Every structure is written in structure tokens, then in C-alpha cells.
Amino acid sequence: MFFNLAYAFALLTLSPVIAYRSIRHGRYRRGALQKLFGLSKARASAMRGDAWKTVWLHAVSVGEVNLLPELIERMRVGNGKTAFVVSTSTDTGYDLAYQRFGAENVFFAPLDFSWAVRRTLKSLQCKQLVLAELELWPNLIAAASDAEIPIAVINGRLSENSSRNYQKFSRVIASTFARLSAVGCQDAVTAERFRACGVADENLHVTGSLKFDNAPTTRDTDEVQSRALWASVDPWHRVWCVGSTQAGEEAMALAVYHRLRTRYPELRLILVPRHPERFSLVANLISAGGDRVVARSESHQGRRPGVEVGNDQWKASEVVLIDTVGELRHWWGVSQIATVGGSFGDRGGQNMLEPAGYGSAVSFGPNTKNFDTIANQLLAGGGAVRVADERELEAFVDRCLADAASADQLGRSAQAIVNRHRGAYDRTLEMLGSLQSFKSSIPIRRAA
């Protein structure tokens, strides 16, 4: 009841902001009934089919959804009478999950009101709850625990600040951590933070980061090559992709691009904003700077509109804008130089392992608190460069263009680091297999 009242108060307080964003940007509208009242029995029955049990995997948004396809594919083996359903909290996460798993297997996660989470668990006849990274909702976890449903956290991450804040309210939140059946942590430091928050020692596992396993291994794929063709990328081009950008980061990238392109005519820029509601704002920003916007939404087939095969029509005054959802992973593969956004403001960074996996020369800003372990591993191994501001970002891109061999070496170091840290899926599956609902049923790929 305490959390129900707290959530109701928060919703009431934030209602003007929610209403504005709903009207202005169309956010929060989709799945409103599922969010407020939980998954209906009829909808859950359609999702379960004739399965004997259901595994509910929750992934907040795009980054977490991307971790699940391989995990679910391997969990299905030997579990033919099990339904695997995925919930998300954001529109972009839902759209990507819809593409990956089909509408019949995806729903919007209920808000953490006790009636909503209990209804969802009961409707699904849930036998296991899997939470990606750190989605610790007290009412959901309490309801699952009371129903004797094993609760696992995969790819667990917990920053020092978050751990400290949770411990300040340990009287209220410690029982939530104590109810977790298994936590697969990205590293030993994270495991210690979960332990300090109340997770039992026997339930802690250091599995590594799934993002290393999920990182790409080659540019030689249809997904990458078709995009390079669409964007008219020629062998002599040096493509700089600035992805997962937040407000202010596109303007910085454009300013750097404008100063460098006069000296480096081979430089091309691709911008990938993080949030769809900002697509039009970024398009206007590009136009205001005198560049023509080449929007990905114009066409997904063949080469981009107006370009003939064999002709270099990508002028220096054009900027490619990826105003579609779920494609960034492949656009990193088109680039030789990569800057990971969300790291120059207060966002805390985004996943830098995708460009690293391709062997791009990777840079990111000063704030990578959400990916500190991964960022530090790349930095320590010479696989990435941290830049403080626009001036240092320009110097980084300048070096990559002036000394392509050094930039390529930076990319090769990044790939080597990614490959050294693979194997988290096997360790995660082994952890999940130890829980009651999957005992001895999940295949583990043992090393030769």
C-alpha cells in the first residue's frame, strides 16, 4: 500500500508533464490499460497458447530488448511447452520487441501498482520472471515472490551512486533485493554492490556483460552493406557516425563536421538521435546549418532517392539523419569513426560495444556512468578515447582522418577487447538453468 500511494502521488504530481508529452509527442498513450491495470486474462491466454508455463522477460527499452533474442532462442531449446513473453516500458522498446518477437509475444509492462502486477502474473500463469539489467519494482518483485515465482536479474548493473541511495532507504527497499532468486552481475564490483543492498551471497553470480556477446563481429552482413549502399558510401569515404544523441550533441557534431569537411572532403556524417520525438528537431537543426537532410525514412530500399548507381552524389553539404527506430546497430557498421552520444550531458552514456565490435575508432564524452565498467575496459585496453568537450571531439576526429592507420589500430584494439569478454550468455543460461522452473533444460555451449 505504501508504494501504491507513492506511485499515485508521483503520477498526480507529474500529470501536467505527462499530459503535455502525451498531447505534444504522443508519448504514454499506447498500452495505457496494460500499464494501469495489468495484462488481461484473454490477452495472456492468446500469448500462452497451449504452453504449460510462461517465462516473463522484462526489458525497459531498446538497449535491453537487444539482449534478449539470443537468450530466448537458446532458452526455447528443450522447453517446447513454455511460452516466452517480453514486456517493455517505452514505445521505442515495444516497437523493436514487436519486430524481434512478434505482436503475439510482446506487451507493455504494468506500472508497479500491486493490482496491475498481480493480475499480470496470474494471467500469464508465470513460472519465471527475468528482469534485464536493473528493474527492481518492489510490488512486482513482492508479488512474484509471494507466488513462489523465481526472480532473476540478468546483465545486472548497479552504479555506486544507485547502490548508496538504495542503502539509505534500506528499511524500505532491502526486502526487495532479498527476494531476488538470482542476480547475474556484470562484474565483481557490481556483485558487491548488490550484496550491500541485501541480495544473499548464494544468489549472486558474476556472469559478465551480455553486451559483449551481443556486439557485432563483422561488417560483412546484408544489414550493414545494404545501408552503406543506400547511403552511397564509396570506398574512399571516411564515415563518422554520431549515435544515440541527446539534445546539444547533434549541434556539437555538426559544428565539428563543418570545420573539418573543408580539409577532409572524404568526411561524411551520420546522425542518429536517441528519441523519435526529436527527429524533426534534428532535421531542422541540420537544415539551419545549411546542410541538406538525407532522411532514412524517405526510403528503405536500394540507394537513397535521387542517387544513381556509380555516381558519387553524396555532397559535403549533406548529412544523413537516421529518423527510424532500431537501426543504429547496423549504421555503426557503416562508419569508420564512431562517437557514442548520451555521454556529454547527464544521460550517463549509451552502449559503446556495438561500434567497438565492428572495429570502429570509438569515442565518447565525459559522462558514462551507466556504462562505466565497459567504458573503463575499453579505455584501459586502448580501444576507445574519452573526450571532454567539442574541442577534444574535433581533435579526435581530426586525428582519425589525418592518420587512418592509427584509427584502424584503435578499432582493432576495441575488437580484441570485445572478443576477450565474450561468454556471458553461457554463464547467464547456466544461472537461469539452476532455478526451479528450468532445471536441466537449458543448453550451455561449452568451450572446446
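Bear in mind the structure is a predicted one, so any value in this text is a computation, not a measurement. The figures that follow rest on heavy atoms only: side chains count, while hydrogens, waters and symmetry mates do not.
- Both tests hold for R296 against W230: distance to the six-membered ring centre under 6.0 Å, angle to the ring axis within 45°.
- Atom-to-atom distance recorded for L68:CG and E73:CD is 12.5 Å, nearest 0.5 angstrom.
- Side-chain contact between P69 and R100 is present, with at least one heavy-atom pair separated by less than 4.5 Å.
- A salt bridge links R74 with D426: at least one charged nitrogen is closer than 4.0 Å to a carboxylate oxygen.
- Of the N and O atoms on the side chains of R412 and Q409, at least one donor lies less than 3.5 Å from an acceptor on the other residue.
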For a quick test of your reading: what N or O donor-acceptor pairs under 3.5 Å do the side chains of residues 349-359 make, sequence neighbours left out?
residue: Q350; atom: OE1; partner: R347; partner atom: NE; Å: 3.0
residue: N351; atom: OD1; partner: L353; partner atom: N; Å: 2.9
residue: Y358; atom: OH; partner: R329; partner atom: O; Å: 3.2

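- Here OG of S159 is found 6.5 Å from CZ of R193. Values are rounded to the nearest 0.5 Å.
- The closest side-chain heavy-atom distance from V55 to L432 is not below 4.5 Å.
- Counting only distance, with no hydrogens or angles, the side chain of E64 and the backbone of S61 share a donor-acceptor pair below 3.5 Å.
- Tested against L204, the residues L180, T190, V183 include a single side-chain contact (heavy atoms from CB on, under 4.5 Å) partner, V183.
- You'll find the ring centres of W56 and F107 inside the 6.0 Å limit.
- A donor-acceptor pair is defined here as one N or O able to donate and one able to accept, closer than 3.5 Å; such a pair exists between the side chain of E249 and the backbone of Q246.
- Judged by distance alone, the side chains of S226 and D222 never bring a donor and an acceptor atom under 3.5 Å apart.
- In terms of heavy-atom proximity, S87 sits nearest to F108 at CB-C, 4.4 Å.
- Considering all non-hydrogen atoms of both residues, S181 and P150 come closest at OG-CA, 3.4 Å.
- Put simply, the side chain of L271 does not reach to within 4.5 Å of the side chain of I322, judged on heavy atoms.
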Query raised in the report: How far apart are the C-alpha atoms of L321 and V272, what are their side-chain angles, what is the distance that settles it, and do they pass the side-chain contact (heavy atoms from CB on, under 4.5 Å) test?
Result: CA-CA 6 Å; L321 172 64; V272 191; over 6 Å; no
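- With hydrogens and angles left out, the side-chain atoms of N419 and R422 include a donor and acceptor closer than 3.5 Å.
- D291 and S317 share no side-chain donor-acceptor pair at under 3.5 Å.
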Query raised in the report: side-chain contact (heavy atoms from CB on, under 4.5 Å) between I72 and V86: does it pass, once the steps are laid out?
Result: CA-CA 10 Å; I72 292 176; V86 176; 3.7 Å; yes
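- When atom types are taken as modelled, the side chain of R386 and the backbone of G365 share a donor-acceptor pair closer than 3.5 angstrom.
- A side-chain donor-acceptor contact under 3.5 Å links S163 and Q167.
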Query - Stepwise side-chain contact (heavy atoms from CB on, under 4.5 Å) test for I270 and V242 - result: CA-CA 6 Å; I270 298 173; V242 186; over 6 Å; no
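- Counting heavy atoms from C-beta on, the side chains of T207 and C185 never come closer than 4.5 Å.
- Closest approach of I374 and S209 over heavy atoms only: CD1-OG, 3.8 Å.
- The shortest side-chain heavy-atom distance between L393 and M252 falls under the 4.5 Å cut-off.
- Between E223 and R227, no side-chain nitrogen of the basic residue sits less than 4.0 Å from a carboxylate oxygen of the acidic one, so the salt-bridge criterion is not met.
- Side chain of H421 to main chain of V418: no donor-acceptor pair is present (N/O by atom type, distance under 3.5 Å, no hydrogens or angles).
- The minimum heavy-atom distance linking S363 with T339 is given by the pair OG-OG1, 2.9 Å.
- Under 4.0 Å is where a charged nitrogen must lie from a carboxylate oxygen, and between E250 and R278 at least one such pair does.
- Between atom NZ of residue K81 and atom OG1 of residue T54 there is a gap of 12.5 Å, rounded to the nearest 0.5 Å.
- You'll find the side chain of V233 reaches within 4.5 Å of the side chain of V334, heavy atoms only.
- Between the side chains of S297 and D323, a donor-acceptor pair is found at a separation under 3.5 Å.
- Taking all atoms of both residues into account, the shortest heavy-atom contact from P273 to V282 is CG-CG2, 3.7 Å.
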Requested in this report: Could you walk me through whether R292 and E318 pass salt bridge (Lys or Arg N to Asp or Glu O under 4.0 Å), step by step?
Outcome: CA-CA 5 Å; R292 189 171 82 86; E318 293 181 340; 2.7 Å; yes
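- Atom SG of C197 sits about 5.0 Å away from atom CG of L158, to the nearest 0.5 Å.
- In this structure, Q336 contributes its side chain and A404 its backbone to no donor-acceptor pair below 3.5 Å.
- We find that R391 and E394 are not joined by a salt bridge, their nearest charged nitrogen and carboxylate oxygen being 4.0 Å or further apart.
- Atom CG of residue L210 and atom OG1 of residue T428 lie 4.0 Å apart, to the nearest 0.5 angstrom.
- Annotation: side chain of L131 is in contact with side chain of I141 (closest heavy-atom distance under 4.5 Å).
- Using a cutoff of 4.0 Å between basic side-chain nitrogens and carboxylate oxygens, R259 and E390 are scored as salt-bridged.
- For F101, the CZ atom is densely surrounded, since the number of other residues' heavy atoms within 6.0 Å is greater than 12.
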Report task. Kindly determine whether W240 and R268 satisfy side-chain contact (heavy atoms from CB on, under 4.5 Å), including the steps that lead there. Result -> CA-CA 6 Å; W240 178 28; R268 300 294 181 261; over 6 Å; no
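- Side-chain contact check for S360 and W332: no donor-acceptor pair (N or O, by modelled atom type) lies under 3.5 Å.
- The shortest non-hydrogen separation linking D112 to L140 is OD1-N, 2.8 Å.
- The existence of a salt bridge linking E133 and K211 is confirmed by a sub-4.0 Å separation between a basic side-chain nitrogen and an acidic carboxylate oxygen.
- A donor-acceptor pair is defined here as one N or O able to donate and one able to accept, closer than 3.5 Å; such a pair exists between the side chain of T90 and the backbone of G93.
- Looking at N370 and R157, their side chains come closer than 4.5 Å, going by heavy atoms from C-beta outward.
- Panel note: side chain N367, backbone K369; a donor-acceptor pair is recorded below 3.5 Å.
- D403 places a side-chain N or O within donor-acceptor distance of the main-chain N or O of S406, the cut-off being under 3.5 Å.
- One finds the OH atom of Y94 at 7.5 Å from the OG1 atom of T88 (value rounded to the nearest 0.5 Å).
- In this structure, N203 contributes its side chain and V199 its backbone to no donor-acceptor pair below 3.5 Å.
- Under the 4.0 Å criterion applied to side-chain N and carboxylate O atoms, R30 and D95 are assigned as salt-bridge partners.
- Salt bridge annotation for R263-D398: present, with a cationic side-chain nitrogen under 4.0 angstrom from a carboxylate oxygen.
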